[in-house]
Structures are given as structure tokens and as C-alpha cells.
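The structure appears below as C-alpha cells.
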2 protein chains.
Amino acid sequence: MARSDGQNLTYRIVQALGVAIVSGAYSAKNPFPIEADLCKQYGASRSVLREAVKMLTAKGLLSARPRQGTWVQPEEAWNLLDPDVLRWLLERKPSYALLREFGQVRLAVEPKAAALAAAVAPREAKAAIATALEQMAQADRDEDDPLPSDIAFHLAVLRASGNRFYSQLSGVTESALRISIRLQNRYKGVRRASVPDHKKISDAILAGDADGAEQATRALIQEALELINKADSDGVSEPRKVRRS
Amino acid sequence: MARSDGQNLTYRIVQALGVAIVSGAYSAKNPFPIEADLCKQYGASRSVLREAVKMLTAKGLLSARPRQGTWVQPEEAWNLLDPDVLRWLLERKPSYALLREFGQVRLAVEPKAAALAAAVAPREAKAAIATALEQMAQADRDEDDPLPSDIAFHLAVLRASGNRFYSQLSGVTESALRISIRLQNRYKGVRRASVPDHKKISDAILAGDADGAEQATRALIQEALELINKADSDGVSEPRKVRRS
DNA sequence: CCTGATTATTTGTAATATAAATAGGATTAT
DNA sequence: ATAATCCTATTTATATTACAAATAATCAGG
């Protein structure tokens, strides 16, 4: 697994420490503990603990030096685009600021991905988009939760772009979408998935209409972004923590 | 250090293995070695070697299971947006495909970053952009290498956007820009830094003209991207490996 | 007060032992 | 013969201990 699930002790510690770090649990008055103390705290051997710390170091969260200890890196050094890091941040410390910033990324990227998908995606990739749309419509009719198919739709578009960096973003988009859409639900009440808006995108991509796909996607995400800004300025309570999956 | 420089044994092994992995050194006929063999190969203890492997696992390059061994993840799982991973890829295995894909990312992101910078950047951040432009002009006059100031300019714009994800991208943009601009040099002959094009961007940002900044940036990157495509279809030799910094 | 040696602390590296997981082969029952 | 089960070998996971290296803090001597 690429993700840090709870399969073994090391990954459990990575998860626990990662969450604690991005939640701001460590600071000047509560510095990051030394190895020995963390071993005691988690009941783990030095080997395991050091491996966990090294994984967090690889994600830009920590840094270490002999005698100086191990410390939390400044936030600018964190690999925000690492799926684990972004997930920890969004699940434990969701903020309108972060949602807005990620919304801006989506607004920059997804319309271009849709345009590329329209222009160059192979038949199967386009089919995956159509399938996600169909499931979304189905969920809408049955008044099921549209979230999974909504997410699947956006990921399918990113993947269909054929751009590896965009595909890569699907990993982090998944977390962000989950939080964003939950916010929309709470703000607008029971969610009616905007099937027609998504259908416009899908139709344009299937028809090979790059411009149309780009504009339709931009409109959709612009709306989501505006909702975030509106909820923020209206002072709607910050999006709540989410249960771990 | 967030980057894997050669400070200690673990990081040297991370670097060596990371490069080997992204270069495709391991495959079905040459599977990733078991711990014991890697220890011998690098003359390191199991602790050090395991910590290095864990760091590469955190970057999505490796995965491991008891009895099954450690193996290289499929390329889709690699954290392409990890600065180390992208640097290894671009330095060791630069391809037009990857440069084009990263160019598409820049084309999506940088114009929006410039627009944001024009709209919201504080005075110091704008000043940093102006300074980079000035150094670029200076280098141009003195026929010095314009590369460092060119890079500094783009990073300053990304940072001035105030969007943490865009700032984050500056880490990976640095590697990609270095390769891209080298390519332009070889293709167009001695490079004359396009100071006027960058000045347009800087002026618009300083004037708070978001649309102007966006369009000027788009034009600049579009040109760079077209050059990559042109060099590719003209069959110009693939960009060469770069010495390690 | 400064300078340089000393010490103490923390991470870095090494070596070894045992546990857990599991692919693949051997065994047994039907 | 086939299927289910057990066994075994291999590889990573975890634990423990020891020592090395780096360096901040302390102390001694001028």
C-alpha cells in the first residue's frame, strides 16, 4: 500500500504523528519529543519509531540532527501535495483557507484536464467518465449519496487527460472533494447532485469539444469555489473533522 | 534539510536507490533486491537501509510485504509532485513527454498564480518579483547566465500568489525549469533571456492588473510549451542528463 | 571577558535475535 | 486424482543493545 493504513506498527505511528504534526500539536512550548520518549509513548522499539520518523521526514514534515533533536519543519516545507499530508490536514484541521486554496488549484487544473481529455483521451477513458456520470444520475434518482460518483467523475476526468501530473492530483483531489462537497451539503441543505452540470462536461468530452469541456468545467468549479467563499464570509461553522476511513 | 542531500549514509542511499528506481533499473528480470543484498551492495547496516527504503516508500516508489519482498510500485503510484522524485526523473530520465506534461501544469497554474499575485500579494512579495526581473535584466546586459534569475522570477510569482499549493509547486518547478530552459538554449542557440516578456508580467502584477498578468504569463508559457513540442517533433535529441548539483 | 577544551545529549550506524506473514511445497483425507 | 490441510523456508517487521558522530552547553584557563 502506498497509503499509510494501519497495517503495521510503523504505519500506525506515521499516521498518529502525522496527524499530530499537521494539527499543530508541537510548538516552541511543546517541542517534538526525543526518540526515547516517543518510543515509550507508543510502546515501540527505536527501529520502528525511527522508520516512522524517516517517513515523515520524506514528506517534509520533520527534520533531525544529532544533538539538536528532531523538529517539525515550517509549514512551507510540508509536501502539501502528498496525499497523506493533505488528507491529514483536511480531515483534522479543515479550514476555509485551505479549501479555497485547493479550490483555486482545481479551478486552474481541471478545466485544462477536461480540455485535454476531450482532445486526446482514448475511448476507454472517456467511457469511464460516462459511467461515472451514469452512476451519479442513478444515485440522484434513487436519492442515494451522490458523493462517491461525484468524486469518481472528477477523478476520471483527471485521469483521462493523459497528463501524469493531473492524474497524480486525483489522489489529493479525492480528500479535498469529500470535504468540499460535505460543506456544500451542510450549506445548501440536502444535496441534489448537479447532474446537468456534470453532463455538460461529459458530453463535451465525448464529443471531442475541448473548449466546451474546459468552459463547462470552469463554470462548475467556479461555483463550488464561490460557495466556499460565501460560506466563509457568512461565518458558517468551519467544516468538521471527519471519521477516519 | 527537506531535500535528500548527501549529508549522511541514509540520504545517500535514498538518493542512489531513488535515481535507480525512476531510471527503470529494476524490472521483472531484475527485481528489487532483498534487504540483505542491498546492505552488502551499499555497505550499510540493516537499520540504515531499512530507513532509506521506508523514505522511498513514503514517496510512493516502493512497497513491501513479509515473504513477498520489496518491489517498485507502478509509475502511477509515484509521488511525481514530490520534489525529490521529480528531480530524479528530470535529471536522470528527462523526456519530452514529461517536459510537455509539466509544461501543461505550468500553463494551467502560473497564469492563475500571476493573477492572484496581482490581486492580493503584499508589497514585499511584489518587490521580490521586481528584484528577480532586475537581476534578469542585469544578467542579460552582462551576458551572464540568465537561468538563475529566470527561475527566481517564476518562483517569486508562485510564492506571491499566497496560495500554499502554488508555492509548493515552486519546489518542483525549479527542477523542471532548469531542464526546460536548457533545452531552449540548445534549440535556439545562445539564450537571450526574454526580459520584455517577463517585464510585461511584472508590470501587470505591480499594477494590480490581474487579467493582464494572467494573459502575459499564459503567453510566455505557451511559447515555452510550443518550443518543447516543436523540438520533440523535429526530433531534436532528448535533453541530456545533468550533473548532480 | 574571551578562548578553547570538555562534557553531555541526541541522532546516526551497526549487529544480532526473534516474531510475523505468507508463497509454495508436502501431506493427508476423501 | 483432487482438494483441503499442514509444514517449511523466506522475507520483512520488531526489539534490543552497543557504539559512533555531531554539536550545544558547560567549564577552565588565560
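Numbered from 1 within each chain, the chains take letters A, B, ... in sequence-line order.
- For the pair B/Gln68 and C/dA23, the criterion of a side-chain N or O lying under 4.0 Å from OP1 or OP2 is met.
- The line from CG of B/Leu61 to CG of B/Leu17 is 10.0 Å long, rounded to the nearest 0.5 Å.
- Spacing between atom CZ of A/Arg65 and atom P of C/dA8 amounts to 24 Å, rounded to whole angstrom units.
- Distance check: A/Thr217 OG1 to A/Arg106 CZ gives 10.0 Å after rounding to the nearest 0.5 Å.
- Taken from CG in B/Leu80 to CG in A/Leu81, the straight-line distance is 11.5 Å, to the nearest 0.5 Å.
- Atom pair B/Trp71:CH2 and D/dT11:P shows a separation of 14 Å (rounding to whole Å applied).
- Stems are defined here as 3 or more consecutive Watson-Crick or G-U wobble pairs with pairing distances under 3.5 Å; those involving DNA chain C are C:1-30 with D:1-30.
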Let me have the donor-acceptor pairs involving side chains of residues 126-138 of chain B, under 3.5 Å, with sequence neighbours excluded, atom names and distances please.
unit_1   : atom_1 : unit_2   : atom_2 : d
B/Lys126 : NZ     : B/Ala118 : O      : 3.3
B/Lys126 : NZ     : B/Ile205 : O      : 3.2
B/Thr131 : OG1    : B/Ala127 : O      : 2.9
B/Glu134 : OE2    : B/Arg141 : NH2    : 3.4
B/Gln138 : OE1    : B/Arg141 : NH2    : 3.0
B/Gln138 : NE2    : B/Asp142 : OD1    : 3.4
B/Gln138 : NE2    : B/Asp142 : OD2    : 3.0

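- The OH-C1' distance, from A/Tyr42 to D/dA15, rounds to 19 Å in whole Å.
- If you measure from atom CD1 of A/Ile34 to atom P of C/dA8, you get 16 Å, rounded to the nearest angstrom.
- For the ring-ring contact (aromatic ring centres under 6.0 Å, His included) test, residues two or more places apart in sequence or in another chain that qualify with A/Phe153 are A/His198.
- Under a 3.5 Å cut-off, the side chain of B/Asn79 and the backbone N or O of B/Asp82 do not form any donor-acceptor pair.
- For the atom pair B/Leu9 CG and B/Glu51 CD, the distance stands at 10.0 Å (nearest 0.5 Å).
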Close N or O pairs between protein and nucleotides 24-27 of chain C (under 3.5 Å):
none

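- Residues B/Phe102 and B/Ile179 fail the side-chain proximity criterion, which asks for heavy atoms closer than 4.5 Å.
- Of the possible donor and acceptor atoms, none in the side chain of B/Asp232 sits under 3.5 Å from a partner among the backbone N and O of B/Ala97.
- No side-chain donor-acceptor contact under 3.5 Å links B/Lys112 to the backbone of A/Gln104.
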I'd like a table of atom pairs between the protein and nucleotides 13-18 of chain C - only N or O on both sides, under 3.5 Å - with the distance next to each one.
unit_1 : atom_1 : unit_2  : atom_2 : d
C/dT13 : OP1    : B/Leu9  : N      : 2.7
C/dT13 : OP2    : B/Thr10 : OG1    : 2.7
C/dT13 : O4     : A/Arg46 : NH1    : 3.4
C/dA14 : OP2    : B/Ser45 : N      : 2.8
C/dA14 : OP2    : B/Ser45 : OG     : 3.3
C/dA14 : N7     : B/Ser47 : OG     : 2.9
C/dA17 : N6     : B/Arg46 : NH1    : 3.1

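- Listed in residue order, the members of residues 25-33 of chain A having a heavy atom less than 4.0 Å from DNA chain D come to none.
- Judged by distance alone, the side chain of A/Gln73 and the main-chain N or O of A/Gly60 form no donor-acceptor pair under 3.5 Å.
- With rounding to the nearest 0.5 Å, the separation of CH2 in A/Trp78 from CG in A/Leu89 is 6.0 Å.
- Interatomic distance, A/Cys39 SG to A/Ile34 CD1, rounded to the nearest 0.5 Å: 9.5 Å.
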